[in-house]
Number of protein chains: 2
Amino acid sequence: MQFSVYIPPIVNPDEKLPALYWLSGLTCTDENFSAKAGAQRVAAELGIMLIMPDTSPRGDHIPDAADAAYDLGLGAGFYINATQEPWHDHYQMYDYIVDELPALINKEFKVKAKSAIAGHSMGGHGALTIALSNMKQYCSVSAFAPIVNPSDCQWGQKAFSNYLGDKQRDWEAYDSCALMRQQGKFLHIPMLVDQGLDDNFYHTQKLTKPLEDVALEIGYEAEFRYHVGYDHSYFFVASFIEEHLRFHAKHL
Amino acid sequence: MQFSVYIPPIVNPDEKLPALYWLSGLTCTDENFSAKAGAQRVAAELGIMLIMPDTSPRGDHIPDAADAAYDLGLGAGFYINATQEPWHDHYQMYDYIVDELPALINKEFKVKAKSAIAGHSMGGHGALTIALSNMKQYCSVSAFAPIVNPSDCQWGQKAFSNYLGDKQRDWEAYDSCALMRQQGKFLHIPMLVDQGLDDNFYHTQKLTKPLEDVALEIGYEAEFRYHVGYDHSYFFVASFIEEHLRFHAKHL
């Protein structure tokens with residue numbers, strides 16, 4: 001597994017660095033955020049380390065969608081542990097993000113015990129589900145245009161039925177709306193979500209809004225912001241990443 | 001010729017937009033700056049239009065370096081009018097940037113009469129030479145890690161001997177150091193130049209410094225800044241583009 005890391009200028013080598021895990025969206029590798037989001041300028045100022053993993057296992061021996069579809073298989077790991085053939089041997093992205101990668105990072109770098117986590121689209125789904133399932137491991141979570149209710153949108157249904165099988169009950173462990181209902185009653189993690197209103201997936205994939213509805217319903221305190229004129233691209237991420245990093249810096 | 005344009009939110013449709021021409025470096029197309037520099041966020045705030053041309057003519061019928069070298073031919077137009085075979089029919093990038101593209105822009109958009117111009121590396125060379133040769137057309141110029149003395153560095157000598165022939169006298173029209181000596185005595189254009197000190201081309205291609213030496217010698221008022229730890233990449237551009245845009249906004 002390849003991943004990118006941005007290390008800010010070290011002021012005090014004895015101090016543990018605050019770290020943010022960034023999870024990218026469909027089709028991305030570990031390079032999209034690094035090259036396109038312009039986050040390093042702000043991370044340098046705030047002294048935050050950025051950890052940017054890939055979005056799926058990679059290699060010639062890794063199963064892919066039969067038609068090489070962009071929304072299943074390579075580049076589309078959905079940050080879950082697959083249980084179904086032919087996926088389950090390699091598509092264990094949840095364990096990779098929650099356990100394996102942090103173990104490696106903690107071995108190689110001096111980082112704080114609690115991290116921030118954020119992501120875009122499929123990566124927003126990853127960040128939200130992982131944070132809501134591991135509220136003691138993360139200090140804060142943020143997302144751009146996240147898939148929040150995969151059980152009720154085309155991307156999620158396709159991925160989850162392939163990776164997890166047809167029992168919708170098994171999907172809830174990876175559904176932000178379901179997780180917020182379950183976990184959000186007992187614990188709370190600071191949350192910021194941005195959504196562009198000219199995002200062509202906003203309605204078709206039911207991004208963001210269903211989670212805000214749950215938050216309002218159960219009284220979960222989170223900030224949801226909607227932006228006129230912004231689409232689903234990395235230009236949207238680049239426009240607001242500074243505010244996300246400053247949000248996380250307050251909690252890291 | 002393909003180019004990218006960023007149009008900021010229009011506040012007053014009757015007002016002419018301030019525009020900045022961005023010239024990219026070797027190997028780039030019209031997409032590198034657009035995707036990697038994170039300039040739109042700031043351009044939106046300042047209300048500046050960004051015009052991002054390609055770095056050479058393109059197409060199967062366009063001559064390229066025999067060995068497809070990155071520093072001659074496609075992606076390496078050097079913003080000059082070639083006089084030599086096989087280049088001169090198509091490699092007329094100086095005329096394209098100074099006349100043809102602005103004519104098209106002025107026809108399609110409502111922009112101010114004077115523009116700003118900026119660029120990176122070969123594009124920094126383009127911005128500086130074009131601004132110094134057309135001080136009434138541009139209000140300000142800035143550059144990141146520019147080639148400033150092509151007559152005295154490997155990139156410039158290779159390109160100019162191919163495009164312009166071997167008479168070094170003919171090269172001076174496209175040499176920032178020579179132009180500043182000639183023009184800078186009579187006219188002045190506000191100038192900002194940033195240079196990374198971990199840039200592996202800083203010494204080998206004699207970037208930036210020779211122009212500062214001329215500026216000091218003739219008393220040309222310009223700001224030259226040197227940054228420890230920054231290299232030649234677009235990460236360097238992304239780190240300081242906001243300051244460049246704010247510099248140009250003062251003059252536009």
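Reminder, nothing fancy here: chain letters follow the sequence lines and each chain counts from 1. Only this structure's heavy atoms are used, side chains among them; waters, hydrogens and symmetry mates stay out.
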Parallel, tilted or perpendicular, as decided by the 30° and 60° cut-offs, for the rings of [Y] and [X]:
X        : Y        : answer
A/Trp155 : A/Tyr70  : perpendicular
A/Tyr234 : A/Trp22  : tilted
B/Tyr202 : B/Tyr226 : tilted
A/Tyr230 : A/His227 : perpendicular

### Task
Kindly say whether B/Tyr96 contributes a backbone atom to a donor-acceptor pair with the side chain of B/Tyr79 at under 3.5 angstrom?
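Between the backbone of B/Tyr96 and the side chain of B/Tyr79 there is no qualifying donor-acceptor contact (under 3.5 Å).
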
#### Entry: A/Ser233 portion near chain B, given a 4.5 angstrom heavy-atom threshold
neither

### Message
Using heavy-atom distances under 4.5 Å, tell me whether A/Phe235 contacts chain B through its side chain, its backbone, both, or neither.
### Response
side chain

### Query
Can we call the ring centroids of A/Phe236 and A/Phe144 under 6.0 Å apart?
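Ring centres of A/Phe144 and A/Phe236 closer than 6.0 Å.
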
### Task
Using heavy atoms and a sub-4.5 Å threshold, report which of residues 38-59 of chain B line up against chain A, by residue number.
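So the qualifying residues are B/Gln40, B/Arg41.
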
### Contact listing (chain A partner; residues 112-130 of chain B; heavy atom under 4.5 Å)
none

### Full working for side-chain contact (heavy atoms from CB on, under 4.5 Å) between A/Asn32 and A/Thr29
CA-CA 6 Å; A/Asn32 298 62; A/Thr29 69; 3.5 Å; yes

### Message
I'd like to know whether B/Leu23 forms a side-chain contact (heavy atoms from CB on, under 4.5 Å) with B/Phe33, so could you lay out the CA-CA distance, the side-chain angles of the two residues, the decisive distance to 0.1 Å, and finally the verdict.
### Response
CA-CA 9 Å; B/Leu23 307 186; B/Phe33 183 76; over 6 Å; no

### Query
Are any non-hydrogen side-chain atoms of A/Tyr220 and A/Leu132 less than 4.5 angstrom apart?
yes

### Contact summary for B/Ala215 and B/Phe224, nearest pair of heavy atoms
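So the minimum-distance heavy-atom pair works out to CB-CE1, 4.0 Å.
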
